[in-house]
Amino acid sequence: ASAGPLAKHCRYCDRCVAGWDHHCMWLGTRVGAGNHHRFVRFLAAQLAAVALGFHYTFTSLQKDSPAWAWLLLATYALLFLIVGVLLIIH
């Protein structure tokens, strides 16, 4: 049976996937036409969690806060950027 013109074989799952986008190592499954909306919701939830962590860290920082706290803030900012770009391109 044909899976359609946009189908592609996922080498990790050994399955043919309609509308195949990629294999997500974080979810442990392939992203295609059948679950793309779930993947986008997952990215949006991750972006919200990172934004909340950034907000809590930022509001609790003082000028004399330890260096690790500022590093944590920078890490949240980098994660926000990465997840935000992933959400935009998907």
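In this chain, numbering begins with 1 at the start of the sequence shown. Only this structure's heavy atoms are used, side chains among them; waters, hydrogens and symmetry mates stay out.
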[X] side chain near [Y] side chain, heavy-atom distance below 4.5 Å:
X	Y	result
Asp14	His9	yes
His23	Cys13	yes
Leu47	Leu43	no

May I ask you to check whether over 12 heavy atoms, not counting those of Phe80, lie within 6.0 Å of atom CZ?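 Check fails, neighbour count at 12 or below.
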Within one Ile-Leu-Val-Met-Phe-Trp-Tyr cluster: Leu71 and Phe54, side-chain cutoff 4.5 Å: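 Each belongs to a different hydrophobic cluster.
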Same cluster or not: are Ile82 and Ile88 linked, directly or through other Ile, Leu, Val, Met, Phe, Trp or Tyr residues, by side-chain heavy atoms under 4.5 angstrom apart?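 No.
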Over all atoms of both residues, closest heavy-atom pair of [X] and [Y]:
X	Y	result
Ser65	Gln62	OG-N, 2.7 Å
Val17	Arg30	CG2-CD, 3.1 Å
Val31	Cys24	CG2-CB, 4.0 Å
Ala69	Leu61	CB-CD2, 3.3 Å
Cys16	Ala7	SG-CB, 3.9 Å

Show which residues join Tyr56 in its hydrophobic cluster (side-chain heavy-atom contacts under 4.5 Å, direct or indirect), or state none.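 When side chains under 4.5 Å apart are linked, the cluster holding Tyr56 also contains Leu52.
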Could you note down all residue pairs passing side chain to side chain donor-acceptor pair (under 3.5 Å) where residues 76-90 supplies at least one of them, sequence neighbours left out?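 For residues 76-90: Asp21-His90.
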Centroid-centroid under 6.0 Å between His22 and Phe39 rings: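 Close enough - the centres of the two rings lie under 6.0 Å apart.
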Point-to-point distance, once rounded to the nearest 0.5 Å, from CG of Leu73 to CG of Leu78: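 Going from the CG atom of Leu73 to the CG atom of Leu78 covers 11.5 Å.
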Which residues pass the side chain to side chain donor-acceptor pair (under 3.5 Å) test with Asp64, sequence neighbours left out?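 Asp64: no side chain to side chain donor-acceptor pair (under 3.5 Å) contacts found.
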